[in-house]
Amino acid sequence: MKLWGGRFTKEENQLVHNFNESLSFDQRLYHQDIRGSIAHVTMLAKQGIVTEEDGRVIIDGLKGILADLDAGKLEFTREHEDIHSFVEANLIERVGEAGKRLHTGRSRNDQVALDMKLYCRDEIGEIDALVKDLLRELLCQMEKHIDTYMPGFTHLQKAQPVTLAHHLGAYFEMFSRDRGRLHDIRARLNRCPLGSGALAGTTYPLDRAYTASLLEFDGPTLNSMDSVSDRDYLIELLAALATIAMHLSRFSEEFIIWNTNEYRFVELDDAYSTGSSIMPQKKNPDIAELVRGKTGRVYGALISLLTVMKGLPLAYDKDMQEDKELSFDAIDTVKGCLKLFTGMLATTTFNKAAMEASAKRGFTNATDAADYLVSRGVPFRDAHGMVGQLVLRCIERGVSLDELTLEEFREVSPAFEADVYEAISLKTCVEKRVTDGAPGQEAMRRVIAIYREQLEKE
Ligand code: ARG
């Protein structure tokens with residue numbers, strides 16, 4: 001049955017139906033769709049637009065459809081165009097005449113806008129909880145690795161020593177900002193479009209504020225044309241998801257590097273790695289690679305929707321139906337990545353000794369050696385040159401700075417004394433850095449306490 005068959009004389013062509021329909025993918029909105037209809041009809045009854053009795057019959061019918069769908073007793077049959085038509089047709093089949101009054105003062109245009117907003121709101125809640133799980137796991141690892149020294153890199157070249165806690169803390173910051181973005185989007189989208197009709201509102205005395213409050217919105221939207229054609233909240237959500245995916249992808253890349261034979265900073269749990277069908281020695285970081293790889297389709301969703309929207313005149317255009325599959329895919333993908341990544345992080349063993357040894361080998365204490373000279377009155381530019389000479393000597397001999405004898409240090413500058421070894425030890429290099437945001441334990445403990453509180457608060 002077609003909702004709009006009245007003015008048509010020809011049967012719809014099957015190809016056209018298949019091209020036009022959205023039920024095959026928007027069926028996942030049935031909870032939101034029915035919830036919206038219950039709120040709408042509750043308002044219609046309160047306003048006397050439908051009778052109390054019809055209102056009750058419709059609500060019971062809708063609840064029955066919901067229960068049957070939840071229980072798998074009702075199938076999404078292909079003849080219906082979309083979830084809205086499906087629910088309405090089913091209602092009429094169940095409750096008869098009263099069911100035909102549900103769509104009073106409503107259009108599928110404001111209905112679909114509502115469904116997608118409700119869906120985004122629900123999903124934002126779930127994604128936020130998953131990011132929070134990841135943050136919790138990160139914080140646990142940070143607490144364990146406050147004195148696990150490792151090289152910090154710039155240009156993927158060893159730069160200065162940091163700790164694993166500090167390195168992980170950078171990701172804590174990124175994922176915290178991701179949560180902030182999700183919260184902002186939720187707050188901004190939280191206006192109810194229902195009652196906007198097809199585009200120009202309706203002539204019925206709807207109480208839009210009441211419907212909005214039933215659905216836990218902050219109030220109704222204020223322009224009916226914008227209400228039915230706004231997809232900004234989806235674009236913002238996709239941008240936030242793209243950013244989460246980008247963060248996960250960077251983190252995955254680090255795991256992949258850390259898992260190489262050359263680094264061996266991490267031992268991935270067997271459950272999160274796979275072997276090779278031909279090379280018996282292999283333990284591949286497939287999960288991290290897939291998380292990195294899936295970032296592409298999340299970016300794709302954002303670019304696709306921006307492109308769909310860029311030429312659309314007001315108000316609703318059918319192009320907008322294209323917002324669904326790509327958004328659903330991006331949401332599912334990011335949720336999956338978050339779950340898998342958190343599991344991988346929780347089960348990874350960090351190789352403390354390999355990290356420390358690597359930090360020692362890369363002259364990550366060269367800046368501190370120069371700073372040592374500065375503290376003894378040598379101008380920084382000269383100190384930089386002197387330590388550069390020492391590094392060159394070390395490279396020629398295949399040793400690290402702290403393996404040079406005091407005589408060798410003093411050949412370059414007499415300002416070096418026996419306490420230089422203490423001053424350039426890995427521990428000192430890190431532990432002297434205690435300003436806000438730095439890797440020294442004293443600073444990290446303060447930051448970790450702030451993060452703990454932050455996580456417990458929300
Ligand atoms: N399936 C449509 C969509 O997803 C619902 C709105 C249809 N409205 C219309 N006038 N054809 O956008």
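Along the sequence shown, the residues carry numbers beginning at 1. Start at 1 and go down the list; that is how both ligands and their atoms are numbered.
- The protein atom (non-hydrogen) at minimum distance from atom 11 (N) of ligand 1 is R108 NH2, 3.8 Å.
- Counting only distance, with no hydrogens or angles, the side chain of T364 and the backbone of A359 share a donor-acceptor pair below 3.5 Å.
- By the 3.5 Å distance cut-off applied to N or O atoms, K324 is counted among the residues near ligand 1.
- For atom 6 (C) of ligand 1, the closest heavy atom belonging to the protein is Y316 OH, 3.4 Å.
- Figure legend: cation-pi geometry between R121 and F217, with NZ or CZ positioned under 6.0 Å from the six-membered ring centre and within 45° of its axis.
- Residues Y30 and F86 keep their aromatic ring centres 6.0 Å or farther apart.
- Less than 4.0 angstrom separates some heavy atom of H84 from each of these atoms of ligand 1: 5 (C).
- Counted by atom type alone, Q14 and N18 present one or more donor-acceptor pairs between their side chains at under 3.5 Å.
- Rounding to the nearest 0.5 angstrom, the gap separating the CZ atom in R445 from the CD1 atom in I450 is 14.5 Å.
- Residue contacts with ligand 1: Q321 is placed with a nitrogen or oxygen under 3.5 Å of a nitrogen or oxygen of the ligand (distance criterion only).
- Regarding atom 10 (N) of ligand 1, its nearest protein heavy-atom neighbour is N109 OD1, 3.1 Å.
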